[in-house]
Amino acid sequence: MSDPMANTQPQFMTVGEGEAAREIAMLVRPAQAGNTVPSLVWLSGYRSDMSGTKALEFDGLAGELGAACIRFDYSGHGLSGGSFRDGTISRWLEEALAVIRHLAPDRIILVGSSMGAWIALRLAQELARQGGPKLAGMVLIAPAPDFTSELIEPNLKAKERKSLAERGYFEERSQYSPEPNIYTQALIEDGRKNRVLDGMIETGCPVHILQGMKDPDVPHAHAMKLLEHLPADDVVLTFIRDGDHRLSRPGDIALLLSAVKGIIRSSTNMQMPI
């Protein structure tokens with residue numbers, strides 16, 4: 001049996017070199033001996049960390065199944081070092097790749113929330129290109145791929161464009177924190193380099209998308225657009241009629257855990273409780 005407390009103490013690894021080096025915090029739950037479930041990897045959203053409600057419930061499911069679970073904080077988030085304002089999709093993708101390469105699981109299931117879904121889709125592309133763990137499945141929660149170019153840039157107000165030009169960032173009031181969201185020019189420019197909604201996305205694995213229809217941040221039409229770019233994959237899209245962006249209510253959590261179990265069933269032929 002794995003030590004149930006083994007994932008409560010963070011591990012740290014350095015990503016990058018020189019001035020770009022930053023310490024990335026990880027919480028790793030080891031698999032029980034003989035367990036055949038792919039390692040579960042949690043990818044948080046923008047300004048979220050590995051200790052959020054959904055991440056904790058996800059880790060709890062791994063514990064119940066005896067599966068390995070990997071959580072980590074992007075630089076500028078949670079327990080990790082580095083400045084949040086230095087963050088870009090490329091930088092956070094580099095960190096996700098580094099964590100996975102460092103821990104070297106054989107097979108993984110990626111579960112990404114909001115921006116984490118964008119990171120998951122880019123990870124699928126990079127793992128296919130570079131080689132690495134086999135991707136056994138993905139669960140994408142309120143996915144926000146290309147949110148910088150699809151959802152932010154088209155809706156910029158004149159004062160926000162001015163702030164970007166003069167200060168290199170603009171601030172936006174957050175519904176989820178007393179601190180405002182900060183979007184930098186670097187994040188927006190880098191987002192264009194990491195677009196995934198400009199062609200066919202081939203993950204090579206089953207995908208389950210969960211999307212609230214009352215999401216004020218990522219409209220449900222965005223999930224439909226993502227679906228159109230996944231023509232080669234086995235994709236399930238679940239709309240939650242009264243769901244918001246966070247999808248952290250007990251019923252939402254139950255749907256998330258059920259979706260993860262479904263992916264596990266399809267990748268292992270295991271009999272899973274509903």
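Scope of the values below: all heavy atoms of this structure, side chains included, with no hydrogens, waters or symmetry mates. Residue indices begin at 1 and follow the sequence shown.
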> So, does Asp233 use its side chain to make a donor-acceptor pair with the main chain of Thr203 at under 3.5 Å?
Replying inline: yes
Kindly list each side-chain donor-acceptor pair under 3.5 angstrom involving residues 106-115, sequence neighbours excluded, with atom names and distances?
unit_1: Arg107; atom_1: NH1; unit_2: Ser267; atom_2: O; d: 3.3
unit_1: Arg107; atom_1: NH2; unit_2: Thr36; atom_2: O; d: 3.3
unit_1: Ser114; atom_1: OG; unit_2: His245; atom_2: NE2; d: 2.9

> Tell me the ring-ring contact (aromatic ring centres under 6.0 Å, His included) pairs involving residues 108-153, sequence neighbours left out?
Replying inline: Tyr46-Phe147, Trp118-Phe147
>> Is it the case that the side chain of His229 and the backbone of Ile201 share a donor-acceptor pair, with hydrogens and angles ignored and the cut-off at 3.5 Å?
In response: no
>> Going by the rule side chain to side chain donor-acceptor pair (under 3.5 Å), which residues pair with Arg101 if we only count those two or more places apart in sequence or in a different chain?
In response: Gln130
> What residues, two or more places apart in sequence or in another chain, satisfy salt bridge (charged side-chain N to carboxylate O under 4.0 Å, His left out) together with Glu126?
Replying inline: Arg122, Arg129
> Hey, does the side chain of Asp59 reach the backbone of Ala62 with a donor-acceptor pair shorter than 3.5 angstrom?
Replying inline: no
Review item, side-chain donor-acceptor pairs of residues 78-87, under 3.5 Å, at least two apart:
unit_1: Ser80; atom_1: OG; unit_2: Ala25; atom_2: N; d: 2.8
unit_1: Ser80; atom_1: OG; unit_2: Asp73; atom_2: O; d: 2.6
unit_1: Ser83; atom_1: OG; unit_2: Arg85; atom_2: N; d: 3.2

>> Run the side chain to side chain donor-acceptor pair (under 3.5 Å) test against Glu150 and tell me which residues pass, sequence neighbours left out.
In response: Arg195, Lys225
>> Any donor-acceptor pair under 3.5 Å linking the side-chain atoms of His208 with those of Thr238?
In response: yes
>> Any donor-acceptor pair under 3.5 Å linking the side-chain atoms of Glu179 with those of Ser174?
In response: no
> Going by distance alone, is a donor N or O of one side chain under 3.5 Å from an acceptor N or O of the other, for Arg47 and Ser177?
Replying inline: yes
>> I'd like to know if the side chain of Ser266 reaches the main chain of Ile263, judged simply by a donor and an acceptor atom lying under 3.5 Å from each other, with no hydrogens or angles considered.
In response: yes
